[in-house]
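This report refers to the structure that appears directly beneath it.
Atoms considered below: every heavy atom in the structure, side chains included; atoms not considered: hydrogens, waters and symmetry mates. Residue numbering restarts at 1 for every chain, and letters A, B, ... go by the order of the sequence lines.
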There are 2 protein chains.
Amino acid sequence: MAETRWLDEREARAWRGVIGVLQRLIAALERELVRDAGLSGAEYTLLVPLSEAPDGVVRARDLGRMVGWERSRVSHQVSRMEKRGLVAREECGEDARGSMVRLTDAGRASIVAAAPAHVAAVRRYFIDALTDAELEVIGPALERVLGRLPDVYA
Amino acid sequence: MAETRWLDEREARAWRGVIGVLQRLIAALERELVRDAGLSGAEYTLLVPLSEAPDGVVRARDLGRMVGWERSRVSHQVSRMEKRGLVAREECGEDARGSMVRLTDAGRASIVAAAPAHVAAVRRYFIDALTDAELEVIGPALERVLGRLPDVYA
DNA sequence: CCAGGGATGTTGACATGTCATCGAAAGTCG
DNA sequence: CGACTTTCGATGACATGTCAACATCCCTGG
């Protein structure tokens, strides 16, 4: 095994910045979401693609692919949201194994009420803190990082 | 209430990059850590500052500040790591409320064994995917984002 | 001194996320 | 068709993270 090449100061700064800042940023946004709209981050994540789908119905498998979640994570989260009345499960006609997730009226009302303030918070804490030039660099750079991850996580 | 200003394509790209990196990059690194070293991300996070402290002893309060965790999170995690034999709790002489966390021999052996491969993975997935110019932009930019967060998260 | 406010750590309840496993159904290929 | 493999979703066990409530203890103003 070759000798370990540790991170130099600039590398460590960028690395700590990414993980530390991003975790805090996400935490801050989620708190505002819970406080102002009564929705958790996980709930918001699933409600967005559901609200954009025709009739507000998406197959569980496709929902998972849209947000990058595994099957069991989707299943657990849908169960919790079903209890809260945000979504409902239905049978899938085309595939007897499948499960369709339907946005309820209450679910649609929640996401419609929550989205504007959430987008405004993303803008306030993240977009507005960066210059145009930085935005031009950060988007493509982070996409390149994602592209290099093992397929399982990509 | 003013009309919502949604994110344009460039803004959405940067934002998706942030979310994706936080979730997938961290997940990929943690999986390698668990697979190769038998340590979770939370365990690694606490073991690093402990291994760098004199005698491997840090007060719980300071440990929390070093890694940006709240008190109860530190307490729960230390309890789990105590069960695994990675750390031990001791009384704090200077402050009877306090709790000192000591790295055990097994804990030190774990972090020493895990660190080289983990640093290599950070380099492989993150540092090496970025150019020097991008690193120069990203570090300071995210530090500016951090400065704009509510104090609780800063 | 000492009463009250702040700091510290623990705990229980609960939400979230991962993994292994299971049963059922669909697809594949002889 | 029939055996084998793959996909899909649900579930239980467990690790992690947040919040509120507590019990202690420190510190400061009067």
Open item on the list: On the nucleotide C:dT10, are OP1 or OP2 found under 4.0 Å from the side-chain N or O atoms that B:Ser99 carries?
Closed with: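 True: B:Ser99 side-chain N/O within range (under 4.0 Å) of C:dT10 OP1/OP2.
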TODO: Ignoring backbone atoms, test whether B:Ser72 places a side-chain nitrogen or oxygen under 4.0 Å from the OP1 or OP2 oxygen of C:dG9.
DONE: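 Result: no.
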Test your reading of the model: is there a side-chain donor-acceptor pair from [X] to the backbone of [Y], 3.5 Å cut-off?
X	Y	value
B:Arg16	B:Glu11	no
A:Thr104	A:Leu86	yes
A:Ser51	A:Arg108	no

Task: Position toward the 5' end of DNA chain C (nearest nucleotide), B:Val74 or A:Trp69 - done: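 Its nearest nucleotide being more 5', the pick is B:Val74.
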Whole Å only: how far is the [atom1] atom of [X] from the [atom2] atom of [N]?
X	N	atom1	atom2	result
B:Arg71	D:dA23	CZ	P	15 Å
B:Met100	C:dG9	CE	P	9 Å
B:Arg24	C:dG17	CZ	P	13 Å
B:Arg97	C:dT8	CZ	P	6 Å
B:Arg31	C:dT18	CZ	P	8 Å
A:Glu70	C:dT16	CD	C1'	12 Å
A:Leu33	C:dT16	CG	P	11 Å

Open item on the list: Could you tell me if the side chain of B:Ile111 sits less than 4.5 Å from the side chain of B:Val48, heavy atoms only?
Closed with: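 In contact.
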Open item on the list: When you compare the side chain of A:Arg89 with that of A:Ser79, does any pair of heavy atoms fall below 4.5 Å?
Closed with: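 Touching, per the 4.5 Å side-chain cut-off.
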Open item on the list: When you measure only distances, ignoring hydrogens and angles, does the side chain of A:Arg73 come within 3.5 Å of the base of C:dG17 through a donor and an acceptor?
Closed with: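 Looking at the base of C:dG17, it does not pair with any donor or acceptor on the side chain of A:Arg73 (distance under 3.5 Å).
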TODO: List the steps and the verdict of side-chain contact (heavy atoms from CB on, under 4.5 Å) for A:Val101 and A:Val57.
DONE: CA-CA 6 Å; A:Val101 182; A:Val57 177; over 6 Å; no
Open item on the list: What's A:Arg35 touching, base or sugar-phosphate or nothing? Going by heavy atoms closer than 4.0 Å.
Closed with: nothing
Task: Nucleic acid contacts - residues 75-96 of chain A versus DNA chain C, non-hydrogen atoms under 4.0 Å - done: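 Under 4.0 Å from DNA chain C: A:His76, A:Gln77, A:Arg80, A:Asp95, A:Ala96.
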Open item on the list: Looking at B:Arg124 and B:Glu32, is there a salt bridge between them, counting it only when a charged N and a carboxylate O are closer than 4.0 Å?
Closed with: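 Result for this pair is yes, salt bridge flagged.
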TODO: Go through residues 51-63 of chain A and report each residue with a non-hydrogen atom lying under 4.0 Å from DNA chain D, sorted by number.
DONE: A:Arg59, A:Ala60, A:Arg61
Quick one: side chains of residues 67-76 of chain B, donor-acceptor pairs under 3.5 Å with protein atoms, not counting sequence neighbours, listed by atom name and distance.
none

Open item on the list: Ignoring hydrogens and geometry beyond distance, is a side-chain donor-acceptor pair present between B:Tyr44 and B:Glu30 at under 3.5 Å?
Closed with: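 The answer is no; no qualifying pair exists.
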